[in-house]
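For reference, the structure discussed in these notes is given below.
FYI, side chains are in, hydrogens and waters are out, and symmetry mates aren't considered; it's all heavy atoms of this structure. We number each residue from 1, following the sequence as shown.
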Amino acid sequence: MLIADDFGLGRKHDSAILSLVEAGRLDGTSVMVNHAIAPADIARLQAARVSGAQIGLHLNLTQALPGMSAAWPLSTLLRPFLGADLLEAIRDSLVRQTDEFASLFGHLPDYYDGHQHCHCFPAIVPLVARLPAGSQIWIRIPLPSSWAGRWRNLRAGGAKGVLIMALAARARAVFRRAGWQVNSDFSGFLRLDDPASVRHWLPRLLSAAGPGCLVMLHPGDAGDEVQCDGHAPQSRSCETQILFQGAVD
C-alpha cells in the first residue's frame, strides 16, 4: 500500500498528491485539516475514496497552519511526561482535528497517523488511543516488521529512525491493547533534505516492499512555499518525479 503524507500542507503539494491518487499511483493519503484546503479538493478526495482510496487524518501538533489553534515544539512533545494542562490542550486539539475531518468529509478517517510521527510520542499515545474508532479504522505504525527492513530504512532515513522505530514499537503495543488495528509492515524513511539520497533510496525501498507493506511517501511540488517551509524543496520534487517516472509501477 502506497500512502502519501501531508495533504493540506500546501496547495501545489495537494495537487501533486491528487494527481497520483486519481491516476491510481497512490492508494490514499492522510489529510491535515485546516481551513485553507480547497472545497473542490475535498470533493476530489471524496470521489477517490468511493473508488477505493484510503483517506486518513494526519494529526498535526507541531506545525502552525491556517485554521490550527495550537502547535508545540518537538522537544516538548517528546517528553515522557507532560503536565495536566498541556495534555488537556493536546487532547482538545486532537478531538478538534477529528471533528473537523468528519465535518469536511462526512465520515471518520479511514486511518490515523501523525505529522512527524507525533501520534507515537509516549505521552500522546494514550490520547490518540481514545480517539473515535470503528471496525475498519486503523492507526499507522512506522515500524518495519523485519530487521532487514529496519536496517534498510535506517540507511535510507538516517539515525533519527532509531528513535522513531523505538517509539513506534511501544505505541503499537498500546494501540493493540486498546483494540486498534495497525499496519503489519512499514517503509518510507528518507532524508528529505538530501535530494540525492532520496533519488537513490526511494526506488530501493519501493522495490523491497512486500505486498503487505505500507510505504509512506511525500510527493510534492518544489514551488509550494507552505510545503517547503523548513523542508528542502528539491527533495520533495525529486520524489514526485520518481513516482511519475514509474517507480511505483
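Distance alone, capped at 3.5 Å, places no donor-acceptor pair between the Tyr112 side chain and the Ala133 backbone. In terms of modelled atom types and a separation under 3.5 Å, the side chain of Asp41 and the main chain of Ile37 share no donor-acceptor contact. For Gln97 (side chain) and Asn60 (main-chain N/O), a donor-acceptor pair under 3.5 Å exists by modelled atom type. Asn153 places no side-chain N or O within donor-acceptor distance of the main-chain N or O of Pro144, the cut-off being under 3.5 Å. In terms of modelled atom types and a separation under 3.5 Å, the side chain of Ser103 and the main chain of Asp99 share no donor-acceptor contact. A donor-acceptor pair is defined here as one N or O able to donate and one able to accept, closer than 3.5 Å; no such pair exists between the side chain of Asp27 and the backbone of Ile3. Using modelled atom types, one side-chain atom of Arg204 and one backbone atom of His200 make a donor-acceptor pair closer than 3.5 Å.
Asp14 has a carboxylate O that lies under 4.0 Å from a charged side-chain N of Arg11, or vice versa, which qualifies the two as a salt bridge. A salt bridge links Asp5 with Arg140: the distance from a Lys NZ or Arg NE/NH1/NH2 to an Asp or Glu carboxylate oxygen falls below 4.0 Å.
Counting only heavy atoms from C-beta outward, the side chains of Arg176 and Gln181 never approach each other to under 4.5 Å. Looking at heavy atoms from C-beta onward, Pro219 lies in side-chain contact with Leu26 at the 4.5 angstrom threshold. Side-chain atoms of Met216 and Leu205, non-hydrogen and from C-beta on, never get closer than 4.5 Å to each other. The shortest distance between side-chain heavy atoms of Gln136 and Asp110 does not fall below 4.5 Å. Using a 4.5 Å heavy-atom threshold, the side chains of Gln116 and Leu61 count as separate. For the pair Phe7 and Leu18, the minimum side-chain heavy-atom distance is below 4.5 Å. No side-chain heavy atom of Trp138 sits under 4.5 Å from any side-chain heavy atom of Val182. Looking only at side-chain heavy atoms (C-beta outward), Ser93 and Trp72 come within less than 4.5 Å of each other.
When every heavy atom of Arg191 is checked against every heavy atom of Ser197, the shortest pair comes out as NH1-OG, 3.6 Å. Nearest approach of Ala53 to Gly28, heavy atoms of both residues: CB-CA, 4.3 Å. For Leu82 against Leu77, the heavy-atom pair with the smallest separation is CD1-O, 4.5 Å. Residues Pro132 and Ile137 share a closest heavy-atom pair of O-CD1, 4.4 Å. Across Gly161 and Leu154, no two heavy atoms sit closer than the pair C-CD2, 3.6 Å. When all heavy atoms of Asp185 and Ser145 are compared, the pair lying nearest together is OD1-N, 2.8 Å.
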For the pair Leu108 and Phe101, evaluate side-chain contact (heavy atoms from CB on, under 4.5 Å) and give the outcome as yes or no after the intermediate values.
CA-CA 7 Å; Leu108 289 172; Phe101 184 98; 5.8 Å; no
I'd like to know whether Trp180 forms a side-chain contact (heavy atoms from CB on, under 4.5 Å) with Val128, so could you lay out the CA-CA distance, the side-chain angles of the two residues, the decisive distance to 0.1 Å, and finally the verdict.
CA-CA 10 Å; Trp180 285 92; Val128 175; over 6 Å; no
Yes or no on side-chain contact (heavy atoms from CB on, under 4.5 Å) for Thr29 and Leu45, after CA distance, side-chain angles and deciding distance?
CA-CA 9 Å; Thr29 185; Leu45 287 175; 3.9 Å; yes
side-chain contact (heavy atoms from CB on, under 4.5 Å) between Arg150 and Val162, intermediate numbers included:
CA-CA 9 Å; Arg150 294 169 194 176; Val162 174; over 6 Å; no
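Atom CD1 of residue Ile55 and atom OG of residue Ser30 lie 9.0 Å apart, to the nearest 0.5 angstrom. Taking CG from Leu74 and NE2 from His117, the interatomic distance works out to 10.5 Å, rounded to the nearest 0.5 Å. Atom CD of Glu22 sits about 9.0 Å away from atom OG of Ser51, to the nearest 0.5 Å. To the nearest 0.5 Å, atom CH2 of residue Trp201 and atom OG of residue Ser187 are 10.0 Å apart. Leu87 contributes atom CG, which lies 11.0 Å from atom CZ of Phe81 (distance to the nearest 0.5 angstrom). Distance check: Leu163 CG to Phe121 CZ gives 7.5 Å after rounding to the nearest 0.5 Å.
A donor-acceptor contact closer than 3.5 angstrom is absent between the side chains of Asp113 and His119. In the model, Asp6 has a side-chain atom that pairs as donor or acceptor with a side-chain atom of His58 under 3.5 Å.
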